[in-house]
Protein chains: 2
Amino acid sequence: MIRAAVELFAERGFEQTTAGDIAERAGVTERTFFRHFADKREVLFDGSKTMERTAYDAILAAPADLSPLDAALAGMVAGASLLEGRRDHAVRRSGIIAANPSLQERELLKLAAMADTAAEALRTRGVAEPTASLAAHSAVTVFQVGFARWLSTEVSVEEPPDVATCLAQAAAALRALT
Amino acid sequence: MIRAAVELFAERGFEQTTAGDIAERAGVTERTFFRHFADKREVLFDGSKTMERTAYDAILAAPADLSPLDAALAGMVAGASLLEGRRDHAVRRSGIIAANPSLQERELLKLAAMADTAAEALRTRGVAEPTASLAAHSAVTVFQVGFARWLSTEVSVEEPPDVATCLAQAAAALRALT
DNA sequence: CACGTCATGTCAGTAGCTGTCATCACTACA
DNA sequence: TGTAGTGATGACAGCTACTGACATGACGTG
């Protein structure tokens, strides 16, 4: 169903695709579609929970002497690494989301959830508020900026971009702010 | 209509209130409601455009020797100042939004729009990417954290909290991250 | 072979939202 | 004063996202 949805969204656009269309191409009923996905948008955000947990675990597993921001960033790198081998898919998905405000909303909600989870992990590490929230949000911002850069770099210049490298660059730019 | 909507959302909750209910209490038709608001959620985000523009103008008007982050923060303070005298309303609105994920999505979209606008203002000031985006997003994060703190401080302790003060505290905590 | 349970199909219904046309107030201008 | 244009609203039909309820069939377990 995910594959069917991505295909259709890419062909006709998100709004022009009905839930029935996706179900039909996937060979199931519309009702069945809504039993697997809470709503039509959710079909594009299947792996978000996994990424969230991965980041959470990585933050807890980070060396104890890391600063809150560095620990949160380690979580982001771990989460982003999950997509390392699937750049083409990520690019197409990103294009679909960029073309539709309601999908952007959903993406922002997922990122906010990741920030909340990261803050929770930092608190478990003993970081107090509002430092935990600020570090988590900052790390997610770095994730956004670095990830976008990773997606936008041309592959034609045969220099295979690395997610972790892009995030590190964004992190460096963030530190330069103060 | 905005007043009618806020009342009903507070009484029965967002999902339990239909667009027809709001329209009826406001003395208009459901169709008329949707002519004024793009969707049911939008009724809670009426002033967001104004705040966005205020922040944009303030960033452009900020002293030229301010750092990107400080200029962006000046914009946030200017935007937040619009709500200075309406804390009670902001608190009630915040409670409604916190109780509904789809409203949180919309709020995140508005904040992202503010971040984009702030980044645009910074670029106009001559700030390059990705510094502009990072500074803008960081400033919005400070806005979120500081604003939440402003809303959560008890009024009973007769110490009238100041929006700008709350934002300044959050900004200080952000700087302490690095 | 009987039984539970789990995924799916079917059907009816609600609500968010949109297009279209008619109506009505208000304004401008002859 | 009359008339034409403009903008807001009401009325109505229609589509689609999503949900609840019930029936059916596959499958593993005893």
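Keep in mind it's a predicted model, so treat the numbers as computed, not measured. Just so we're on the same page: letters track the sequence lines, and every chain starts at 1. Below, all heavy atoms of this structure are taken into account, side chains as well, without hydrogens, waters or symmetry copies.
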J.: Who are the side-chain contact (heavy atoms from CB on, under 4.5 Å) partners of B/Ala80, not counting sequence neighbours?
T.: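 In terms of side-chain contact (heavy atoms from CB on, under 4.5 Å), with neighbours along the sequence ignored, B/Ala80 is linked to B/Phe143, B/Val163, B/Leu167.
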J.: Once side-chain contact (heavy atoms from CB on, under 4.5 Å) is applied, do any residues pair with A/Glu11, and if so which ones, sequence neighbours excluded?
T.: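 Partners of A/Glu11 by the side-chain contact (heavy atoms from CB on, under 4.5 Å) criterion, ordered by chain and then number, come out as A/Glu7, A/Leu8, A/Arg25.
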J.: Listed by chain and number, what are the side-chain contact (heavy atoms from CB on, under 4.5 Å) partners of B/Ser152, not counting sequence neighbours?
T.: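 Expected list: none.
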J.: Grab the CG-C1' distance between A/Asp39 and C/dG16 for me, whole Å please.
T.: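 Distance check: A/Asp39 CG to C/dG16 C1' gives 14 Å.
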J.: Which heavy-atom pair separates A/Leu69 from A/Ala135 by the least distance, and what is that distance?
T.: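 Where A/Leu69 meets A/Ala135 most closely, the heavy atoms are CD1-O, 3.9 Å.
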J.: Show which residues join A/Leu109 in its hydrophobic cluster (side-chain heavy-atom contacts under 4.5 Å, direct or indirect), or state none.
T.: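 Result for A/Leu109 is A/Leu108, B/Leu108, B/Leu109.
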J.: Going by salt bridge (charged side-chain N to carboxylate O under 4.0 Å, His left out), name the residues that satisfy it together with A/Asp57, two or more places apart in sequence or in a different chain.
T.: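 Applying salt bridge (charged side-chain N to carboxylate O under 4.0 Å, His left out) to A/Asp57 gives none.
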J.: Just how far, in rounded Å, is C1' of D/dA17 from CZ of A/Phe37?
T.: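 One finds 16 Å between C1' of D/dA17 and CZ of A/Phe37, rounded.
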J.: With a 4.0 Å heavy-atom cut-off, tell me which residues in residues 11-22 of chain B come close to DNA chain C, sorted by residue number.
T.: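 Nucleic-acid contacts, sorted: B/Thr17, B/Thr18, B/Ala19.
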J.: Rounded to the nearest angstrom, tell me the gap between atom NZ in A/Lys40 and atom P in D/dT19.
T.: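 One finds 14 Å between P of D/dT19 and NZ of A/Lys40, rounded.
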J.: As an exercise, state the distance from OH of B/Tyr56 to CE of B/Met114, rounded to the nearest 0.5 Å.
T.: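 These two atoms lie 15.0 Å from each other.
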J.: Under 3.5 Å, is there a donor-acceptor pair between the side chain of B/Ser67 and the main chain of B/Asp70?
T.: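 Looks like yes, one N/O pair under 3.5 Å.
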J.: In plain terms, say whether B/Glu15 and B/Lys40 are close enough for a salt bridge, that is, a side-chain N and a carboxylate O under 4.0 Å apart.
T.: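 No salt bridge links B/Glu15 with B/Lys40.
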J.: Could you tell me how far apart B/Phe34 (CZ) and C/dT20 (C1') are, to the nearest whole angstrom?
T.: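 Result: 17 Å.
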J.: Any donor and acceptor pair, going by atom type alone, linking the side chain of B/Thr18 with main-chain N or O of B/Gly20 inside 3.5 Å?
T.: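 Confirmed, B/Thr18 side chain pairs with B/Gly20 backbone.
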J.: List in numerical order all residues of residues 103-113 of chain B for which some heavy atom is under 4.0 Å away from an atom belonging to DNA chain C.
T.: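 None, since no heavy atom is under 4.0 Å.
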J.: Using the C1' atoms of five pairs at each end, what's the angle between the two axes of the helix from C/dC1-D/dG30 to C/dA30-D/dT1, to 10 degrees?
T.: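 End axes: 0° apart.
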J.: Salt bridge (charged side-chain N to carboxylate O under 4.0 Å, His left out) with A/Arg41: which residues, sequence neighbours excluded?
T.: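 Listed in chain order: A/Glu105, B/Glu105.
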J.: Under 4.0 Å from any atom of DNA chain C, heavy atoms only: list the residues of residues 92-102 of chain B that qualify, in numerical order.
T.: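 Going residue by residue through residues 92-102 of chain B, none turns out to have a heavy atom under 4.0 Å of DNA chain C.
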J.: Between protein and nucleotides 6-10 of chain C, what N or O pairs are separated by less than 3.5 Å?
T.:
residue	atom	partner	partner atom	Å
C/dT8	OP2	A/His36	NE2	2.5
C/dG9	OP1	A/Thr29	OG1	3.4
C/dG9	OP2	A/Thr29	N	3.0
C/dG9	OP2	A/Thr29	OG1	2.4
C/dG9	OP2	A/Thr32	OG1	2.3
C/dG9	O5'	A/Thr29	OG1	2.9
C/dG9	N7	A/Arg35	NH2	2.6
C/dG9	O6	A/Arg35	NH1	3.3
C/dG9	O6	A/Arg35	NH2	3.4

J.: Answer yes or no: is there an ion pair linking B/Arg93 with B/Glu107, defined by an N-O contact shorter than 4.0 Å?
T.: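 Judged by the 4.0 Å cut-off on N to carboxylate O distance, B/Arg93 and B/Glu107 do form a salt bridge.
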J.: Kindly compute the distance separating CZ (B/Arg92) from CG (B/Asp88), expressed to the nearest 0.5 Å.
T.: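 Rounded to the nearest 0.5 Å, the CZ-CG separation comes to 7.0 Å.
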J.: Strictly by side-chain hydrogen bond (donor to acceptor under 3.5 Å, both in side chains), give each pair with a member in residues 125-144 of chain B just once, sequence neighbours left out.
T.: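 Passing the test, one end in residues 125-144 of chain B: B/Arg123-B/Glu129, B/Glu129-B/Ser133.
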J.: Could you please spell out the steps behind the salt bridge (Lys or Arg N to Asp or Glu O under 4.0 Å) verdict for B/Arg35 and B/Glu30?
T.: CA-CA 9 Å; B/Arg35 268 193 271 256; B/Glu30 183 184 327; over 6 Å; no
